[in-house]
Amino acid sequence: MKKIIMAVSALLVISVVMNIVLYNKSKKADRYEVAVDTALGYFSSEYRIGSLHESLEKALSEQRLDFGELGRFNNYYRDDLKKVSTMHRQLTLLYGPIFGYEQYDRISSIGTNNLFNLLEDCSIFFDDLGENSKNSLSNDGERQYVDLGKLDDEVMAGVKIITEIIGKLEAIRSSSYDQKSGSDLDALHDYLLRSADYFDTTDVQEKAKMIESLNAHGK
């Protein structure tokens, strides 16, 4: 009888332990699924670098940066870049829980020298441009805008640099989807790694310093 009781007790202990293990695995799986769903939601709908690039290309083509309806100032460029930078940081924070931490330093938004901070600086650039131009905007009777032909050469260079960077990021994003067709998660993984590599190039590092310098001088 004693042996039976001991055996039953052992089985109960094993059962409890197994339930705890299974529960922890379930919770871990749930957290993973939430992280994946959140990241893909950000990447597919909130990370709007394509539409932002189109807006900037249109501005360069028409030689005017639109700042909303006449009498209602709206800095779309600053706001869109701020949203993209925020989404990018969220994606980098979700990278570890989804893909592991082996290459996390490569894409991290921690510190000051990374793609997140460059996107933040681009947003600040357009914030300064808008504030400095707010009292001297041109208009066509319906909308108000900055005439790009009247900008200082270095500020105009900043607009072109940011347009180029956003365009390249969109090209990388599109290429990631093309190369990893059938898996949005693989496309996201590919994009985060390749966009980080792009940021680390000498060309982008120099352009990032130019934008930072313009911001420091309040251009």
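The structure presented is a predicted model; accordingly, all values stated were derived computationally and were not measured. Every heavy atom of this structure was used, including side-chain atoms; hydrogens, water molecules and symmetry mates were not. Numbers here are sequence positions counted from 1.
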Using a 3.5 Å cut-off and no angle test, enumerate the donor-acceptor pairs between side-chain atoms of residues 59-68 and protein atoms at least two apart in sequence or in another chain.
from	atom 1	to	atom 2	distance (Å)
Gln63	NE2	Leu60	O	3.0
Arg64	NH2	Asp140	OD2	3.3
Asp66	OD1	Gly68	N	2.8
Asp66	OD1	Arg143	NE	3.3
Asp66	OD1	Arg143	NH2	3.0
Asp66	OD2	Arg143	NE	2.7

Which donor-acceptor pairs under 3.5 Å do side chains of residues 91-103 form with protein atoms, sequence neighbours excluded?
from	atom 1	to	atom 2	distance (Å)
Thr92	OG1	Arg89	O	2.7
Thr92	OG1	Ser109	OG	2.9
Tyr95	OH	His189	NE2	3.0
Gln103	OE1	Arg106	NH1	2.5

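At least one side-chain heavy atom of Glu57 sits less than 4.5 Å from a side-chain heavy atom of His53. Tyr198 has its side chain within reach of Ile165: a pair of non-hydrogen atoms, C-beta onward, lies under 4.5 Å apart. A 4.5 Å side-chain heavy-atom check between Lys82 and Glu120 finds at least one atom pair inside the cut-off. Side-chain contact check for Lys168 versus Ile172: some heavy-atom pair is nearer than 4.5 Å. In this structure, Asp203 and Glu164 have side chains that are in contact, with non-hydrogen atoms separated by less than 4.5 Å. When side chains are defined from C-beta on, Lys83 does not count as touching Tyr47, because their heavy atoms never get closer than 4.5 Å. Side chains of Asp80 and Ile49 form no contact here, defined as non-hydrogen atoms less than 4.5 Å apart.
Minimum interatomic distance between Asp147 and Ser138 (heavy atoms only, all atoms of both residues): CB-OG, 4.2 Å. Between Asp190 and Ser176, the shortest heavy-atom distance links the atoms OD2-OG, 2.7 Å. The two residues Leu214 and Gly158 have their closest heavy-atom pair at CD1-CA, 4.1 Å. Across all their heavy atoms, Cys122 and Ile162 have their closest contact at SG-CG1, 3.6 Å. Of all heavy-atom pairs spanning Ser133 and Val146, the tightest one is CB-CG2, 3.5 Å. Taking every heavy atom of both residues into account, Gly111 and Asn117 meet most closely at O-ND2, 2.9 Å.
Residues forming a side chain to side chain donor-acceptor pair (under 3.5 Å) with Gln179 (at least two apart in sequence, or on another chain): Ser175.
The CZ atom of Arg173 lies 11.0 Å from the CG atom of Leu192; values are rounded to the nearest 0.5 Å. A distance of 8.5 Å separates CG of Leu118 from CD of Gln205, quoted to the nearest 0.5 Å. Taking CG of Leu193 as the start and OG of Ser195 as the end, the distance is 7.5 Å to the nearest 0.5 Å. The distance from the CD1 atom of Ile110 to the CG atom of Asp105 is 8.5 Å, given to the nearest 0.5 Å. Interatomic distance, Glu212 CD to Thr112 OG1, rounded to the nearest 0.5 Å: 7.5 Å.
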Given Phe125 and Asp121, is the side-chain contact (heavy atoms from CB on, under 4.5 Å) satisfied, shown in steps?
CA-CA 6 Å; Phe125 172 88; Asp121 283 342; over 6 Å; no

Go through Phe73 and Leu137 one step at a time and tell me if the side-chain contact (heavy atoms from CB on, under 4.5 Å) criterion holds.
CA-CA 10 Å; Phe73 184 83; Leu137 294 171; 3.8 Å; yes

Checking side-chain contact (heavy atoms from CB on, under 4.5 Å) for the pair Leu52/Tyr76: CA distance, chi angles, key distance, verdict?
CA-CA 9 Å; Leu52 175 56; Tyr76 309 103; over 6 Å; no

Test log, rule salt bridge (Lys or Arg N to Asp or Glu O under 4.0 Å), inputs Arg78 and Asp127
CA-CA 5 Å; Arg78 174 201 62 200; Asp127 183 44; 3.1 Å; yes

Go through the steps to decide whether Leu115 and Ile107 satisfy the test side-chain contact (heavy atoms from CB on, under 4.5 Å), and finish with yes or no.
CA-CA 8 Å; Leu115 183 53; Ile107 61 92; over 6 Å; no

Please assess Ser174 against Glu170 for the test side-chain hydrogen bond (donor to acceptor under 3.5 Å, both in side chains), listing each intermediate value before the final yes or no.
CA-CA 6 Å; Ser174 297; Glu170 172 57 16; 3.2 Å; yes

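Side chain of Ser123 to main chain of Leu119: no donor-acceptor pair is present (N/O by atom type, distance under 3.5 Å, no hydrogens or angles). Between the side chain of Ser108 and the backbone N or O of Tyr104, no donor-acceptor pair lies under 3.5 Å.
No chain of hydrophobic side-chain contacts below 4.5 Å, direct or via other Ile, Leu, Val, Met, Phe, Trp or Tyr residues, connects Phe116 to Met87. Connection of Ile161 to Leu56 is established within a shared hydrophobic cluster, with ILVMFWY side chains joined at heavy-atom distances below 4.5 Å, either directly or through further cluster members. Taking hydrophobic clusters as Ile, Leu, Val, Met, Phe, Trp and Tyr residues chained together by side-chain heavy-atom distances below 4.5 Å, Val155 shares a cluster with Tyr77. Grouping the Ile, Leu, Val, Met, Phe, Trp and Tyr side chains by contacts below 4.5 angstrom, directly or via other members, places Phe126 apart from Ile124. Following chains of ILVMFWY side-chain contacts shorter than 4.5 Å, one can reach Leu169 starting from Leu188, so the two form part of one hydrophobic cluster.
The number of heavy-atom neighbours closer than 6.0 Å to CG of Asp153, taken from other residues, nucleotides and ligands shown, is 12 or below. Sparse packing is recorded around CZ of Arg48, with 12 or fewer heavy atoms of other residues, nucleotides or ligands lying under 6.0 Å away.
Side-chain N/O atoms of Glu206 and Thr202 include no donor and acceptor closer than 3.5 Å.
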